[in-house]
Engineer: 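Let me give you the structure first, and then I'll get to my questions.
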Amino acid sequence: MQIIGPDVLVFGVDDVPACHEFLTAYGLDAQDYTPEKGGLFTGLDGTGLEIRRRDDPSLPPALKTGNMLRMQVIGVVDEAALEAVQAELSKDRQVLRLADGSLRCQDDQGFELAFRVTTRKPLDMPGEKVNAPYHPARAANAIGVSEDMPARPRSLSHVVLFVPDVDVAVGFYRDRLGFRITDTLTGAGPFLRPQANPDHHTHFFIRTPVYMQGCEHLAFHMGGPTELMLAGSRMIRAGFESFWGPGRHKFGSNWFWYFKSPLGCNVEFDADMDIHDDDWAPREAPMGPEAAQAFLFQYRDKWAPTGGPGGPKP
Amino acid sequence: MLLCHLDELPDGSTRGFKVAGLRCKVIVVRRGDRVYGWRDLCPHYAGGTPMAWKRDAYLNGEGTHIACAAHGAWFEIDTGVCVQGPCLGKRLTRVPLEIRSDGTVAMATSGR
């Protein structure tokens, strides 16, 4: 199945203005936003988050757990791919075809899904370039960082779900929708990528009690680790609170920095994730601090050493 | 240990205070004439993690519960019991507070 991954994640929240404050600071563009109705918050390629009041009647039903995720809108490559999803899922459940052409159904654990031909717009923006000895990637005189350089989320990367039953989740996303398992953290769960997306994961499932079902975190891709560090540092200086990071994960190799959010889940910046094809042999490691990251740092205020005691001379 | 004066804590508001010797902030919630103190440690994970999504943002949208912005746990303001989310049934660690005659809010001496 030619699925690309989440185009939009829909949330029904209890504090829309707080989400606006957080997500615009995070670097998303607010579109058609009002404090009463919410709006769409997009990254540079048009993927994003739809934020509505939790009692908005246009939303699909809420999860019983209180988690604010209401739906994943999953992009596929074309109409033929959409028809393939419809044919497969219609075998054992109701799949609605809406007036806008999208499909609506539930997965096997009650997560609401929509499928549509993706509306993401591929970006013509270079990634971060690194100068290594004998192998410079930047042209002469091209500087690597400036205090005010743009550092905006480019594309919705992945969603991590707390699921009551990992086997049921895998049975749906792998066996019905054709996702590939790239790696597994035993004790937590598997990373999955859909066939039309080489990213190490668009989904990661974590086994939890039933009363936790929902979104654990979501992430957007940045252009590279420098953008990630700048964006996260700006968040901290604006008073937002880090949950985990910055650091670099082992599985997926992506740099990470997680922030708590009024969406009731963590919102992550990621950068430089591995890409894979079907030649990849999945790995396994027991979940824990050692497997979760190659290294981990914590933000600190700017500081500088100088020459002699007493600071720089005028 | 003085935390603030009631005048700096409008009714319904919540603030987090750094306290020397404590590895976490102390959350103070004011409800009318009462103040409630809790350690800023969500019991979802062993050892606890801080809960606000930005400075002093400890309550849910309606202001009815203390909310952890990491994974959505809600705690009763007066009992600290988690009523929704990952640490259902667990509770926050209370920090006993006292309001002194001059209106200052302080950690009760037995609270350390």
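What you see is a predicted model, and the numbers here were worked out from it, not measured in a lab. Letters A, B, ... are given to chains in the order of the sequence lines, protein chains preceding strands, and every chain is numbered from 1.
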Engineer: Less than 3.5 Å apart and able to act as donor and acceptor by atom type: which atom pairs between chain A and chain B qualify?
Structural biologist:
| residue | atom | partner | partner atom | Å |
| --- | --- | --- | --- | --- |
| A:Asp14 | OD2 | B:Gly61 | N | 3.0 |
| A:Glu21 | OE1 | B:Lys54 | NZ | 3.0 |
| A:Glu21 | OE2 | B:Lys54 | NZ | 2.7 |
| A:Glu216 | OE2 | B:His71 | NE2 | 2.5 |
| A:Gly239 | O | B:Arg55 | N | 3.0 |
| A:Glu241 | N | B:Trp53 | O | 3.1 |
| A:Lys260 | NZ | B:Pro50 | O | 2.9 |
| A:Lys260 | NZ | B:Ala52 | O | 3.0 |
| A:Ser261 | N | B:Ala69 | O | 3.1 |
| A:Gly264 | O | B:Gly72 | N | 3.2 |
| A:Asn266 | N | B:Ala70 | O | 3.1 |
| A:Asn266 | ND2 | B:His71 | NE2 | 3.4 |

Engineer: Counting only non-hydrogen atoms closer than 4.5 Å, does B:Ala67 touch chain A with its backbone (N, CA, C, O), its side chain (CB onward), both, or neither?
Structural biologist: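 For B:Ala67, neither part sits under 4.5 Å from chain A.
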Engineer: For A:Glu284, give me all partners under side-chain hydrogen bond (donor to acceptor under 3.5 Å, both in side chains), at least two apart in sequence or on another chain.
Structural biologist: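 Listed in chain order: nothing, the list is empty.
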Engineer: Could you tell me which of B:Pro50, B:Ala70, B:Gly61 has the largest number of non-hydrogen atom pairs under 4.5 Å with chain A?
Structural biologist: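 Among B:Pro50, B:Ala70, B:Gly61, the one with the most close pairs to chain A is B:Ala70.
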Engineer: I need the A:Phe243 CZ to B:Cys42 SG distance, nearest 0.5 Å.
Structural biologist: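 The SG atom of B:Cys42 is 8.0 Å from CZ of A:Phe243, to the nearest 0.5 Å.
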